Amino acid sequence: QVQLVESGGGLVQPGGSLRLSCAASGRISSINVMGWYRQAPGKQRELVASITGRTMTNYADSVKGRFTIARDNAKNMVYLQMNSLKPEDTAVYYCHVNLIYWGQGTQVTVSS
């Protein structure tokens, strides 16, 4: 059984920063892509950022220059450093492995 556990969400003021972490455990034959999606109330889940095993990254246009994704292959972990946060970044953030395994989500709220 594969389990993904996110941490690091919370309440932050506009312009602030948060760092999300996601730890993957269990029987995963190979991890190719790890990444983050988010879902705001009343909206569809959308890609935030992804990273391959060769550390090729992909970002949503809305977060380019503000968010940075990184991974630790030895620990099966993926991180999302979020800077210059905006109210529109408020959402539940989900990590994934290979778009197959998903975490339970962590709430990020950007508000003054």
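Remember, it's a predicted structure, so these values are computed and weren't measured experimentally. Hydrogens, waters and symmetry mates are skipped; everything else that's a heavy atom, side chains included, is used.
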List the atom of [X], the atom of [Y], and the distance in Å for their closest heavy-atom pair.
X	Y	result
N83	S17	OD1-OG, 2.9 Å
L4	Q104	O-OE1, 3.4 Å
G16	V12	CA-CG2, 3.8 Å
S50	V33	CB-CG1, 4.0 Å
S111	P14	C-CD, 3.6 Å

Q: Start with the C-alpha gap between Y93 and M82, add the side-chain angles, then the distance that decides, and say whether side-chain contact (heavy atoms from CB on, under 4.5 Å) holds.
A: CA-CA 12 Å; Y93 284 69; M82 305 185 294; 3.9 Å; yes
Q.
Closer than 4.0 angstrom, basic N to acidic O: yes or no for D61 and K64?
A. yes
At what distance, to the nearest 0.5 angstrom, does [atom1] of [X] lie from [atom2] of [Y]?
X	Y	atom1	atom2	answer
L20	S7	CG	OG	8.0 Å
S62	D89	OG	CG	7.0 Å
Q3	S25	CD	OG	5.0 Å
E6	C22	CD	SG	5.0 Å

Whether [X] side chain and [Y] backbone form a donor-acceptor pair below 3.5 Å:
X	Y	result
Q13	S112	no
Q107	G10	no
R19	Q81	no
N98	I100	no

Can you check whether [X] reaches [Y] side chain to side chain, under 4.5 Å on heavy atoms?
X	Y	result
M77	M34	no
R38	V63	yes
Y59	V48	no
N58	L47	yes

Q: For the pair T68 and T57, evaluate side-chain contact (heavy atoms from CB on, under 4.5 Å) and give the outcome as yes or no after the intermediate values.
A: CA-CA 9 Å; T68 302; T57 58; over 6 Å; no
Q) For F67 and I69, what are the C-alpha separation, side-chain angles and deciding distance, and is it a side-chain contact (heavy atoms from CB on, under 4.5 Å)? A) CA-CA 7 Å; F67 291 10; I69 190 170; over 6 Å; no
Q: For T90 and E88, test the side chains for any donor-to-acceptor distance below 3.5 angstrom and give the result as yes or no.
A: no
Q: Please check if any side-chain donor atom of Q39 sits under 3.5 Å from a side-chain acceptor atom of E46, or the reverse.
A: no
Q. Do the numbers put R71 on top of the ring of Y79, so that NZ or CZ is under 6.0 Å from the six-membered ring centre and no more than 45° off the axis?
A. no
Q. Do R45 and Y94 meet the cation-pi criteria used here (NZ or CZ under 6.0 Å from the six-membered ring centre, within 45° of the axis)?
A. yes
Q. In this structure, which one of V97, I51, I31 forms a side-chain contact (heavy atoms from CB on, under 4.5 Å) with V78?
A. I51
Q: Could you list the residues that satisfy ring-ring contact (aromatic ring centres under 6.0 Å, His included) with Y37, not counting sequence neighbours?
A: H96, W102
(Q) Quick one, L18 with V110, criterion side-chain contact (heavy atoms from CB on, under 4.5 Å). Give me CA distance, side-chain angles, the key distance, then yes/no. (A) CA-CA 10 Å; L18 283 174; V110 185; over 6 Å; no
